Number of protein chains: 6
Amino acid sequence: MHACICAALRLNGFPCKRPENVTADDFFSSALALPGNTGNPVGSAVTAANVEKLPGLNTLGVSMSRVDYAAWGVNPPHTHPRATEIIYVLEGSLDVGFVTTAGKLFARTVCKGELFVFPRGLIHYQKNNGGAPAMAISAFNSQLPGTQSLAKAMFGASPPVPTDVLARALQIDGGLVEAIKSKFPPK
Amino acid sequence: MHACICAALRLNGFPCKRPENVTADDFFSSALALPGNTGNPVGSAVTAANVEKLPGLNTLGVSMSRVDYAAWGVNPPHTHPRATEIIYVLEGSLDVGFVTTAGKLFARTVCKGELFVFPRGLIHYQKNNGGAPAMAISAFNSQLPGTQSLAKAMFGASPPVPTDVLARALQIDGGLVEAIKSKFPPK
Amino acid sequence: MHACICAALRLNGFPCKRPENVTADDFFSSALALPGNTGNPVGSAVTAANVEKLPGLNTLGVSMSRVDYAAWGVNPPHTHPRATEIIYVLEGSLDVGFVTTAGKLFARTVCKGELFVFPRGLIHYQKNNGGAPAMAISAFNSQLPGTQSLAKAMFGASPPVPTDVLARALQIDGGLVEAIKSKFPPK
Amino acid sequence: MHACICAALRLNGFPCKRPENVTADDFFSSALALPGNTGNPVGSAVTAANVEKLPGLNTLGVSMSRVDYAAWGVNPPHTHPRATEIIYVLEGSLDVGFVTTAGKLFARTVCKGELFVFPRGLIHYQKNNGGAPAMAISAFNSQLPGTQSLAKAMFGASPPVPTDVLARALQIDGGLVEAIKSKFPPK
Amino acid sequence: MHACICAALRLNGFPCKRPENVTADDFFSSALALPGNTGNPVGSAVTAANVEKLPGLNTLGVSMSRVDYAAWGVNPPHTHPRATEIIYVLEGSLDVGFVTTAGKLFARTVCKGELFVFPRGLIHYQKNNGGAPAMAISAFNSQLPGTQSLAKAMFGASPPVPTDVLARALQIDGGLVEAIKSKFPPK
Amino acid sequence: MHACICAALRLNGFPCKRPENVTADDFFSSALALPGNTGNPVGSAVTAANVEKLPGLNTLGVSMSRVDYAAWGVNPPHTHPRATEIIYVLEGSLDVGFVTTAGKLFARTVCKGELFVFPRGLIHYQKNNGGAPAMAISAFNSQLPGTQSLAKAMFGASPPVPTDVLARALQIDGGLVEAIKSKFPPK
């Protein structure tokens, strides 16, 4: 509780209440109660309950997300720069995997009631391996784990990552890089 | 992945595989798929997936538990010495609370799909506030958070905490302490 | 020294002086020079020199307390959510103990000039095992370790922990819980 | 020095010498004295001096790499899961950039004698912006920062990341994914 | 307690008992009960209770020392590379001080019952400012803080620090450096 | 990036920009591009690029310095209270060394292109072992490692460390201490 017992300023950059104003609601969230909208090209939606949404998490080092998957939907390859993730499947079953720094893929199917761990900072993905919606809850050992979708970061950054850098990295021609970039318009 | 890439020894006291022997299954658990047995005096059961059960968690700083509650069951006041907990309700609704070091109780009802945070080391509890079974998933920012049930630690330790210490702490007489101790036979 | 070299704001929620205003006195305390008042039901008094009293401790990760014990006085079972404690006996001798997460009590007598360690977050107590006053100094690896007296937290929280939760946890009837609560009026 | 003063075992998974056998050479490396071979598709080579090469780094939390760039060579987009990087240019000039978790690219040219910082876990790259070889030294706040080249991890993992996952992530067709995969044969 | 629950190996380089062999005595020390021998050129003696002496401290992050001072004795300028120190005076009064990285001395007299803080890694000293013996207890937020006496490290290292380096550093001639070295024969 | 995403306040005592005002330049420095002025009694100059100069380093845990050496110049014995250092030689060759807490000197020559590690908090030095200027780059695992030159801290602090303390520590007479002090006038 000490973390939030400070002046009407910000602590670690987040709002900090005076202790007499902190309530149980600062440690509560209903943000993960409803499914996200999976009507998008990848067929998945992540809803986060991190310190940006839940001020009581400040300095406590945990957060949670809900992931919804349309039939055959994919939570595309991404990293969390500041956290390990542990995912628990609530509905359906998922094909999940992560790639180690040695280039090895560790992958398997995780069914309802089972869990899987994605070590800190490593590239990972999940795919709904069924024709009905699936759902999972993920927990992180950071109050703000951050997420970098590899496709969006490489092809949709603003300003854009130079085309020649991506072409050389992927060993494809620049026109193809531009074509992929067109699918990821910067926000 | 580095953490488990070591000799056939132990790292932090836990088994450590050679990297060529690590598989995806070291990051997977089905231990939380089935309900625990809530046929006990408090009407709740905690099933843990920590580093003792899931070797891949070693050095990764996360773990998970499943809590099952009988009708009106209670997960009695306890602490986790090494972790903050974030709990997500999957079935039913819970009355939850924690006590701050200033002696303030932060409590509220948490329904299916909602979550609540118990800061590191603070005394907390959950109670199923309904007549049907309830269930929740808890995540921790430690691979081995540890649990101390206050009643068991005070009245069921082995060897026992001296009766006069407890009597003075609770301001009750020694006979009553002995009576409570009889409910918590040391293992 | 860097920790206190900041604007006239707060750092980690504590006051922070401009570097030109920091003096040796910010690293000094006489708060532990005099005995606390042990004229209370448990017969002990803890006087703390933590970051709330000693601003120079901010970010330095240490603090100290003095514990005074009346004849046969008890520092009742409690936890420090954020620190390991190391206690050094200055006067008299103490019966001390802590309970592990496996429910084992580690206890022994500690005499003048001897020390004992209470690992982070675990329930522990001390009892003056003599008829003269005793005194000890405790050090912590946190600038604000926090303290939760189990009796006060369970029976004297404000608002109160629900009686039925405590009755079920301790396996005693609600009337007895209420009787104990009456000994711990919330502040 | 304590870190390496242990039995003939391994500490954190790395070899650990008895203190009487540690010498100054355990804290020394000439591994970065010579250029790496940049005759490869991306035109760059990273030579690492981390704890795998330099046992004295164990527990000390630093490491270093040398990066050589052929004319117009690229160190393709990658992450370090466990470290922030600070790069200092010794020869030539580089176009460098990293992408934030908000999808913003921070990029600029860094010339000989200048430095740039890549925050922990974020995707970043460097490109030699000249027709002569370039060279830089990178330091990390980890003794084993780890590296994930995005192209290799996505298209060259072993076993491979499923084609349909990549196709959906990049919004390209599976045939194209296969074509890119063919450029990154698993080791 | 988990820290010591491992195989019959070493953890962090220190002996680690099987949990069934750990006892309360592993958390106890009488090493600080008796005064050290202050019959030496500086007139002070430090007796340490760190993890090398007290195995139960392993992973717990605290340790303690007793400092005895002859009349007018000095605990000469030194640093602790891995810990902040908090010192509590038990007998007599001390003139204490530390030097900041900005070259500022923070110094004052600390009497019986008072305490002072020496921030992590900074040069500090204590001097008994009276003609009777003095005594203090120091606590550290490290189980092995380490100590470097500046005089011994500079003039008594083995092999010796080169004379010309010291002469230039202190801006004295080499003969004088050699004369001071002769007072600090390497062990 | 999160670290700098806060209000127009200070974070850890350093300026913190609103996220919309952060630019690539906050992660860039040209401060190490030019040699420092080695025309001083020790014949060396350290130029630092730490968080005081480079705001983007805040919370990222790294920094860098450039060290220039005149012919036979010395970077005199000093410590960094908060960081391990890794040094890479760019020009010339250096005789380097550090002293362990056991009083052992680990020393050797480090030539152009080679590197050496100075563990956190330990006394170390470098000496240009040639008649031409030398240059090195040092990296630290702290954004503000701090530096204490032993000679300046002991003999040039303001107010001064008492002469009798230094005389006793070095076992020299007070007149000689005063003579050395006169070479290090407090700023």
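Chain naming here is simple, since letters A, B, ... match the order of the sequence lines and numbering starts at 1 in each. These numbers come from the heavy atoms of this one structure, side chains and all, not from hydrogens, waters or symmetry mates. No experiment lies behind these values; they were computed from the predicted model shown.
Atom-to-atom distance recorded for E/H78:NE2 and F/T101:OG1 is 12.5 Å, nearest 0.5 angstrom. Distance check, rounded to the nearest 0.5 Å: CZ of E/R120 to CZ of F/R120 gives 7.5 Å. Distance check: E/L166 CG to F/L150 CG gives 9.5 Å after rounding to the nearest 0.5 Å.
When heavy atoms are compared at a cutoff of 4.5 Å, F/T147 approaches chain E solely by way of its backbone atoms N, CA, C and O. For E/K127, the part sitting under 4.5 Å from any heavy atom of chain F is the side chain, from C-beta outward, and nothing else. Interface residue F/A153: backbone and side-chain heavy atoms are both found under 4.5 Å from chain E.
Counting non-hydrogen atoms of neighbouring residues, nucleotides and ligands closer than 6.0 angstrom, the NZ atom of F/K152 reaches no more than 12 such neighbours.
Contacts between residues 170-179 of chain E and chain F, counted as heavy-atom pairs separated by less than 4.5 Å, involve E/L170, E/Q171, E/I172, E/L176.
Top candidate by heavy-atom pairs under 4.5 Å with chain E, chosen from F/G146, F/G103, F/A151, is F/G103. Ranked by heavy-atom pairs shorter than 4.5 Å toward chain F, the options E/G97, E/A107, E/G156, E/P162 are led by E/P162.
Residues F/L105 and E/P160 share a closest heavy-atom pair of CD2-O, 3.3 Å. Pairing each heavy atom of F/L122 with each of E/P81, the nearest pair is CD2-CG, 3.8 Å. Here the closest heavy-atom approach between residue E/A169 and residue F/F184 is recorded as O-CZ, 3.2 Å.
Residues E/P77 and F/V165 are in side-chain contact: their nearest non-hydrogen atoms beyond the backbone lie under 4.5 Å apart.
Between the F/R168 side chain and the E/P41 main chain, a donor and an acceptor come within less than 3.5 Å of each other. Side chain of F/Q148 to backbone of E/I123: a donor-acceptor contact under 3.5 angstrom is found.
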